[in-house]
Amino acid sequence: MNKKLKEKIMEAFSSVLPITLIVLVLSITIVPMEISTIVMFLVGAVLLIVGMGLFTLGADMAMMPMGEGIGVQMTKFKKLGLIVLISFIMGFVITIAEPDLTVLANQVPSIPDRALILTVAVGVGVFLVFAVIRVLFRVSLSRMLIVFYGLIFLVSAFVPNAFVGVSFDSGGVTTGPITVPFIMAMGLGIASVRSDKDAQSDSFGFVALCSVGPILAVLILGICYNPTDASYTPVTVPEVGMMRDVVGQFAIQLPHYLKEVLIAIVPIVVVFIIFQLFSRRFKKRQLARISVGFIYTLVGLMLFLTGVNVGFIPVGHIIGSQLAASTYKWLLIPVGMLIGYYVVKAEPAVHVLNKQVEEVSGGAIPQSTMRICLSIGVAASLGMSMLRVLTGISIYWFLIPGYAIALILTFFVPKIFTGIAFDSGGVVTGPMTSTFILPLAMGACEAAGGNVLTDAFGAVAMVAMTPLIVIQILGLVYGRRIKAAEAADNIAMDSEDDIIDFDDVEGSGELQGVQDWEDDYGQNKS
Amino acid sequence: MDKTSPKYVLKMLVAIVDRAKAKRLSEIFQKEGTHFQFMINGMGTASSEILDVFGIGRLEKAVVICLVPDVRLPDIIKAIDEEFRLDKRGSGIAFVLPLTGVSSPTYQAYEKELRHYKERWDQLMEKETERIQPELKHDLIIAIVNQGCSDELMDAAKQAGARGGTVVQAHKIGMEEAKKLFGISVHLERELVLIVTHRKEKKAIVDAIVSSCGFKTEARGIVFTLPVEDVIGLASVE
């Protein structure tokens with residue numbers, strides 16, 4: 001079989017199967033479910049596997065080369081004003097099309113939808129400009145993050161509590177599976193033209209800054225409108241009896257998600273076409289590849305979103321509510337952690353991030369290590385979220401120390417890890433989080449009688465926070481190892497750095513450290 | 001010491017395998033006692049245009065470079081061949097480049113091992129004195145072209161008999177072309193294409209590359225060739 005195809009199929013299977021098995025095991029043990037729900041879930045899982053495979057392939061073929069190309073080409077304009085303008089427009093356009101943003105807007109009835117969407121889009125646009133300028137002028141990422149997160153926490157003190165969760169959510173929401181590969185590759189492209197030693201590290205941090213924008217934007221809106229209420233759409237489990245109904249459910253939803261993905265992808269295609277007309281960067285065959293890649297991305301994401309929305313939302317909700325209602329409430333915590341550990345593998349954008357990390361680091365940070373770290377991070381955050389659902393502890397007790405630790409760590413870890421860590425925060429909160437983790441938390445919250453808006457919605461913010469810490473801890477360990485390895489290298493290499501010339505037989509005899517063996521064996525021979 | 005005294009020469013071994021298997025390759029190198037392994041990310045070239053357009057035509061490759069004592073080469077090559085079955089098409093390639101010198105700390109790392117293999121070396125020297133000047137039957141073609149032109153280059157090279165190649169992303173540096181942008185020097189993107197070929201096919205391939213992607217074309221290609229001492233994974237040529 002074609003090797004590449006095999007590789008992709010394996011990747012898709014290994015990312016979706018674990019979580020599927022966990023749910024199946026749960027369904028026959030502690031969380032009994034109706035057979036129809038399980039069938040829906042399994043059909044969803046199949047769509048997820050196919051969708052995941054197509055999406056990651058499409059991202060490799062279309063989104064990444066395109067984003068990178070735009071990034072590189074942008075630096076060739078050499079007019080700062082033009083670069084700023086293009087970055088802003090790009091950030092604005094890709095955000096405004098993000099389907100999840102519309103959903104988010106609906107959750108906050110007290111603010112007009114259009115005002116919210118526009119503000120968030122402006123937020124992303126402005127911060128994409130910051131991100132680009134940062135790379136060009138070599139501003140330290142950690143300093144920028146400290147300033148902006150400081151600002152966020154300052155502003156959040158003036159915003160109603162229920163609204164803070166929504167603002168943090170908006171940061172995760174805007175960096176969806178379409179924007180992440182694109183923005184990340186753009187960063188890579190811009191940083192790649194630089195020749196200094198930090199260029200590699202600076203190719204990360206774009207997603208990080210782009211998720212800060214919306215949080216600040218929404219918080220500021222919160223101050224202007226002073227909303228007292230935010231609402232959410234409760235989960236409804238559709239009634240399906242027959243097999244035909246199952247197929248029907250998916251058939252109804254498919255066109256809906258096709259439309260959503262199309263709306264999100266079209267602005268990027270338009271930007272790309274304009275870009276290609278001006279720069280003529282891509283040759284004929286590459287254009288063909290990119291076009292096919294677009295179709296893969298479109299179909300893949302459509303299948304993925306349909307599968308996850310129809311098949312996974314009900315199951316997540318049922319697991320949460322049944323566990324919270326049972327006598328073994330505390331089981332929520334370990335089960336949540338287990339699910340968290342495996343659910344992140346099925347997050348499409350995570351694959352893109354891990355791959356890019358491996359690529360940029362030249363294999364020094366392998367995908368497998370990233371996967372484990374992100375899994376640990378999300379497992380920890382789900383454990384804490386479930387604890388919050390059960391006890392109702394305020395989210396600030398977790399978010400403030402969490403972000404404080406993450407920001408302090410930025411001083412101690414190699415720069416590249418700060419970029420990767422803060423990027424991963426936006427990357428892990430993708431469609432899987434909003435269709436599986438969120439319903440799980442909501443279900444648990446409803447059953448346990450907590451406040452869904454403050455307790456359940458914080459789950460997304462928590463998922464976005466823990467990777468910042470875990471990846472940076474990885475960076476700490478990695479930095480130590482590198483130092484140790486380099487020290488070991490130095491001990492081995494303590495002689496003088498001369499050149500031994502293989503052609504110059506007589507000369508080499510005089511070289512330090514070579515003398516004796518040349519004599520020993522050389523004489524033996526002659 | 002006379003001029004015919006034997007030399008324990010280091011060679012540069014380059015192995016190109018699927019990136020997913022790079023770790024395994026590195027393990028082999030380590031087991032065989034080599035030092036200084038370096039890995040470069042490369043991209044295989046497409047086996048067919050159709051598969052390529054559909055996104056399953058090429059695989060990420062790892063170009064692994066390491067320094068190997070001449071006397072250890074047969075063992076290492078055998079180990080690699082056994083693990084990777086390089087005779088199968090598309091599974092990768094390994095080739096050996098001669099070195100003319102090496103810095104002494106680098107050499108020191110191998111000293112102990114060289115002593116260990118002294119006897120074997122002596123035997124080797126007695127048996128085949130021509131090993132000092134081995135017959136070079138293969139060449140490594142290195143072509144450096146503008147970003148995005150490697151597809152075209154490989155098409156031309158394949159027409160002329162090349163079996164495959166590996167593309168490595170590179171940057172052109174140098175004062176006159178490094179345009180300054182807000183104080184940072186800007187790199188120009190290039191693609192570096194590696195093709196190993198049988199010597200008798202070299203000329204045809206280089207000619208084809210030059211005519212389709214030479215310096216006068218849009219690709220602004222630069223081509224040069226290096227002697228290769230030993231190759232595994234080009235079996236279909238023989």
Side-chain angles (χ1 to χ4, degrees), chain A residues 2-5 7-8 57-58 60-61 72 75-76 78 80 136-138 192-196 199 281-283 285-286 288-289 291-293 296 359 362-363 366 492-506 508-509 511-514 517-526, chain B residues 1-10 18-20 22-23 35 39-41 49 51-60 62 90 98-109 111 114-115 118 121-122 125 147-149 151-152 169 171 173 178-179 181-189:
Chain A
N2 183 296
K3 267 196 213 164
K4 181 85 189 178
L5 204 60
E7 193 186 287
K8 280 288 157 197
L57 192 57
D60 282 355
M61 288 166 64
V72 171
T75 60
K76 294 191 176 152
K78 288 202 274 185
L80 189 59
L136 293 181
F137 291 99
R138 283 185 255 181
S192 76
V193 299
R194 256 173 47 181
S195 50
D196 56 288
R281 178 185 170 90
F282 295 104
K283 307 274 176 304
R285 185 172 347 156
Q286 288 169 308
R289 262 172 68 89
S291 315
V292 175
Y296 284 168
E359 193 92 359
M493 307 280 102
D494 54 354
S495 77
E496 278 182 45
D497 237 340
D498 296 320
I499 279 281
I500 295 176
D501 195 325
F502 291 147
D503 291 334
D504 183 9
V505 176
E506 280 171 322
S508 64
L511 288 171
Q512 198 193 342
V514 191
W517 63 259
E518 271 286 356
D519 284 350
D520 287 358
Y521 305 144
Q523 253 120 51
N524 283 351
K525 175 66 185 141
S526 55
Chain B
M1 253 170 69
D2 63 323
K3 289 212 170 190
T4 57
S5 69
K7 301 224 11 98
Y8 303 90
V9 181
L10 294 184
D18 293 347
R19 192 147 342 138
K23 207 172 164 199
H35 307 270
M39 187 183 122
I40 305 165
N41 284 340
E49 188 171 340
L51 286 185
D52 188 33
V53 167
F54 282 97
I56 50 174
R58 58 177 93 197
L59 271 179
E60 283 110 2
L99 299 180
T100 54
V102 64
S103 61
S104 67
T106 321
Y107 201 88
Q108 264 192 346
E111 232 193 311
L114 285 170
R115 282 178 198 282
K118 172 192 167 293
W121 175 261
D122 288 342
M125 292 308 294
Q147 184 282 134
C149 296
D151 286 336
E152 202 184 331
Q169 296 298 324
H171 284 122
I173 52 172
K179 299 169 186 165
L181 171 76
F182 317 122
I184 7 170
S185 51
V186 171
H187 279 164
L188 299 172
E189 304 156 278

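Convention: sequence-line order gives letters A, B, ...; per-chain numbering from 1.
- Under the rule for a ring pair (Phe, Tyr, Trp, His ring centres under 6.0 Å), the partners of A:Phe282 that lie at least two apart in sequence or sit in another chain are A:Phe272.
- Here the closest non-hydrogen pair linking B:Val53 and A:Val292 is O-CB, 3.4 Å.
- Rounded to the nearest 0.5 Å, atoms OG (A:Ser192) and NE2 (B:His171) are 4.5 Å apart.
- With sequence neighbours excluded, no residue forms a side-chain hydrogen bond (donor to acceptor under 3.5 Å, both in side chains) with A:Glu7.
- With rounding to the nearest 0.5 angstrom, the CD atom of A:Gln286 is 9.0 Å from the CG atom of B:Asp52.
- Both the backbone and the side chain of B:Arg58 have a heavy atom closer than 4.5 Å to some heavy atom of chain A.
- The two residues A:Met61 and B:Gly55 make their nearest non-hydrogen contact at SD-CA, 3.2 Å.
- Minimum heavy-atom separation, B:Phe54 to A:Tyr296: O-OH, 2.7 Å.
- Proximity to chain A is absent for every atom of B:Gln169, based on heavy atoms less than 4.5 angstrom apart.
- Atom CD of B:Glu60 and atom NZ of A:Lys4 lie 4.0 Å apart (nearest 0.5 Å).
- Heavy atoms closer than 4.5 Å to chain A are found in the side chain of B:Leu51, but not in its backbone.
- To the nearest 0.5 Å, the span separating NZ on A:Lys3 from CG on B:Leu59 amounts to 6.0 Å.
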